[in-house]
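What follows is a short report on a single structure.
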Amino acid sequence: MEFDQITRRAVQIFTQEGLLERLNSGKTLKIKLGADPSRPDLHLGHSVVLRALRVFQDMGHEVIFIVGDYTAMIGDPSGKNKTRPSLSFEETRKAGKTYFDQATKILSKEKTRIEYNSQWLSKLSFEEILKLTSKYTVARILERDDFKNRFENQQPICMHELLYPLMQGYDSVAIEADVEIGGTDQTFNLLVGRELQKEYGQRPQEVITFPLLIGLDGVEKMSKSLDNYIGLNDSPEILFEKSMKIPDPLLFDYYRLTTDIPLDSVRETINSDIRKAHIEYGKEIVKMYHGESAIDAATRRYFKVAQGDVPDNIPIRVVKANEIPIIEALKAIGAVTSNSEARRMIEGRGIKVNREVVQDYNLKLDVSNECVIQVGKSKFFKVKNS
RNA sequence: GGGGAGAUUCCCGAGUGGUCAAAGGGGGCAGACUGUAAAUCUGUUGGCUUUCGCCUUCGAAGGUUCAAAUCCUUCUCUCCCCA
């Protein structure tokens, strides 16, 4: 990806002139990336920002990866708001590492430095914190969308939550960031960084925001907790299968934001054969995250299932008996969590054994020979006696 | 500090003594249709049980009652208004 592609994809740049000036200065710039250790699972949505960062690295700049361990350790004491579970010191380090491992599928390891924000945030005195808070007004903090929504919906907002933007902004001060990149949902936080740097006598960082990738549900932004994500750690098969499930109207955005494929040809394929466009997208993503060699296996599974065949390499579950009730088998393979659920699945005709729909939930499975259980459209398991 | 409103099953939301495992909607899951898409239609959506039925659940803990999501007491939390 070339640099002009960054600017083309960006939603907003504050400020364009400042950014150009720094890039032309010949200095190695410090590009800030904030990581939330309470959510260390990265997905394609994160890749949008990471890919932009990669471009900066390729130009010789340094990415400073800031793990928000301080906020994560404090968590949210108000019992009702479970969005920010508090983590122990060890957990934050572990999450930071997990995050880093995934992010470096896209970023260069050599040009990425990790910092933990407890290093500086834990040292602030109350006086300094007051100084920080005095730079901002409540009205301005409440401008931020998620606060505004919670406020309007009469949801609780705790005092310390109002400080999060300031803490993040202070991170920029602490590392003297030159540039910070994030999704449009972070716009406010990123701009707070600029304000605070100014207060501390630093040149305010340049801020670039990128569009948020909408998840597979076609409505919400991609996130692990909504289970509408395509994970950077997903297997090639899953990656490909999920690619096929991207809502049609969003496919172009996925191409645009997560691949380097020229958009003119994308447009053409989408208009002429949307299914083919999905397939090509899936292949590209598999290639990007698992290499060219993984494409074959990933697509083979998909097409086999689509034809009504049983795919290769399905997980095997060994049981001790020669005969096992179907309900027990479904629990054993983790397809269901209770007998009632198993019964519902069977009554809904969602379970097949050796390609046959199971009609009777008292069915006893003969597993002296291997048998294949299919749950829904694409989940397969083999069960056999040891 | 004073006054008012409220907390229901994944979410929103009805329910004010038995017919309530709890309407309706959303979301989820499964099926039909299809391109393993969308839209649409159907079923399902606490657990155990073949049926009967039993158990757990309506912020928490006690209490009244043959019987409570529903009544009483205390507590916790949230929101609004006034100061």
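Protein chains get the first letters and strands the later ones, always in sequence-line order, with residue 1 at the start of each.
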Side-chain donor or acceptor of Arg343(A) under 3.5 Å from a matching atom on the base of rU50(B)? no

Among [options], which nucleotide sits nearest the side chain of [X]?
X         : options                   : value
Met345(A) : rU36(B), rC29(B), rG47(B) : rC29(B)
Ser378(A) : rG31(B), rG35(B), rU36(B) : rU36(B)
Val305(A) : rG35(B), rU36(B), rU49(B) : rU36(B)
Lys379(A) : rU49(B), rA30(B), rU36(B) : rA30(B)
Lys377(A) : rU34(B), rC29(B), rU49(B) : rU34(B)
Asp248(A) : rA37(B), rG47(B), rU50(B) : rA37(B)
Lys245(A) : rU50(B), rG31(B), rU36(B) : rU36(B)

Could you work out the separation of [N] and [M] based on their [atom1] atoms and round it to a whole Å?
N       : M       : atom1 : result
rG62(B) : rU56(B) : P     : 14 Å
rA61(B) : rU76(B) : C1'   : 10 Å
rU8(B)  : rU78(B) : P     : 14 Å
rC11(B) : rG63(B) : C1'   : 33 Å
rC33(B) : rU40(B) : C1'   : 9 Å
rU45(B) : rG24(B) : P     : 12 Å
rU70(B) : rA60(B) : P     : 10 Å
rG27(B) : rG15(B) : P     : 24 Å

Base, sugar-phosphate, or nothing: which does Glu241(A) touch, judged by heavy atoms less than 4.0 Å apart? base

Mind checking Ile274(A) for me? I need base, sugar-phosphate or nothing, with any heavy atom below 4.0 Å counting as a touch. base

Under 30°, 30 to 60°, or over 60°: which ring-plane class applies to Tyr164(A) and His160(A), parallel, tilted or perpendicular? perpendicular

In terms of ring plane angle, is the pair Tyr254(A) and Tyr281(A) parallel, tilted or perpendicular, where the classes change at 30° and 60°? perpendicular

Below 4.0 Å: OP1/OP2 of [N] and any side-chain N or O of [X]:
X         : N       : answer
Asn339(A) : rG47(B) : no
Arg344(A) : rG47(B) : yes
Ser340(A) : rU49(B) : no
Arg275(A) : rU36(B) : yes

In this structure, how many angstroms lie between the [atom2] atom of [N] and the [atom1] atom of [X], rounded?
X         : N       : atom1 : atom2 : answer
Leu216(A) : rG28(B) : CG    : C1'   : 15 Å
His278(A) : rA38(B) : NE2   : C1'   : 10 Å
Glu220(A) : rG28(B) : CD    : C1'   : 14 Å
Asn228(A) : rG27(B) : CG    : P     : 14 Å
Arg349(A) : rU44(B) : CZ    : P     : 15 Å
Phe240(A) : rG35(B) : CZ    : P     : 16 Å
Gln359(A) : rG31(B) : CD    : P     : 14 Å
Tyr361(A) : rU51(B) : OH    : C1'   : 9 Å

Tell me which nucleotide, if any, is Watson-Crick or G-U wobble paired with [N] when both distances must be under 3.5 Å.
N       : result
rG24(B) : rC12(B)
rA5(B)  : rU78(B)
rC41(B) : rG31(B)
rG18(B) : rC66(B)

Nearest-nucleotide comparison on RNA chain B, the residue closer to the 5′ end among Asp227(A) and Lys331(A): Asp227(A)

Per nearest nucleotide of RNA chain B, the residue lying toward the 5' end, Arg301(A) or Asp217(A), is Asp217(A)

Is [Y] paired with [X] through a side-chain N to carboxylate O contact shorter than 4.0 Å?
X         : Y         : result
Arg93(A)  : Glu91(A)  : no
Glu206(A) : Arg203(A) : yes
Asp260(A) : Arg51(A)  : yes

Strictly under 6.0 Å, is that where the ring centroids of Tyr99(A) and Phe65(A) end up? yes

Among Arg194(A), Lys135(A), Lys131(A), which residue meets the salt bridge (charged side-chain N to carboxylate O under 4.0 Å, His left out) test with Glu199(A)? Lys135(A)

To the nearest 0.5 Å, atom CG of Leu250(A) lies from atom CG of Leu257(A) at 10.5 Å

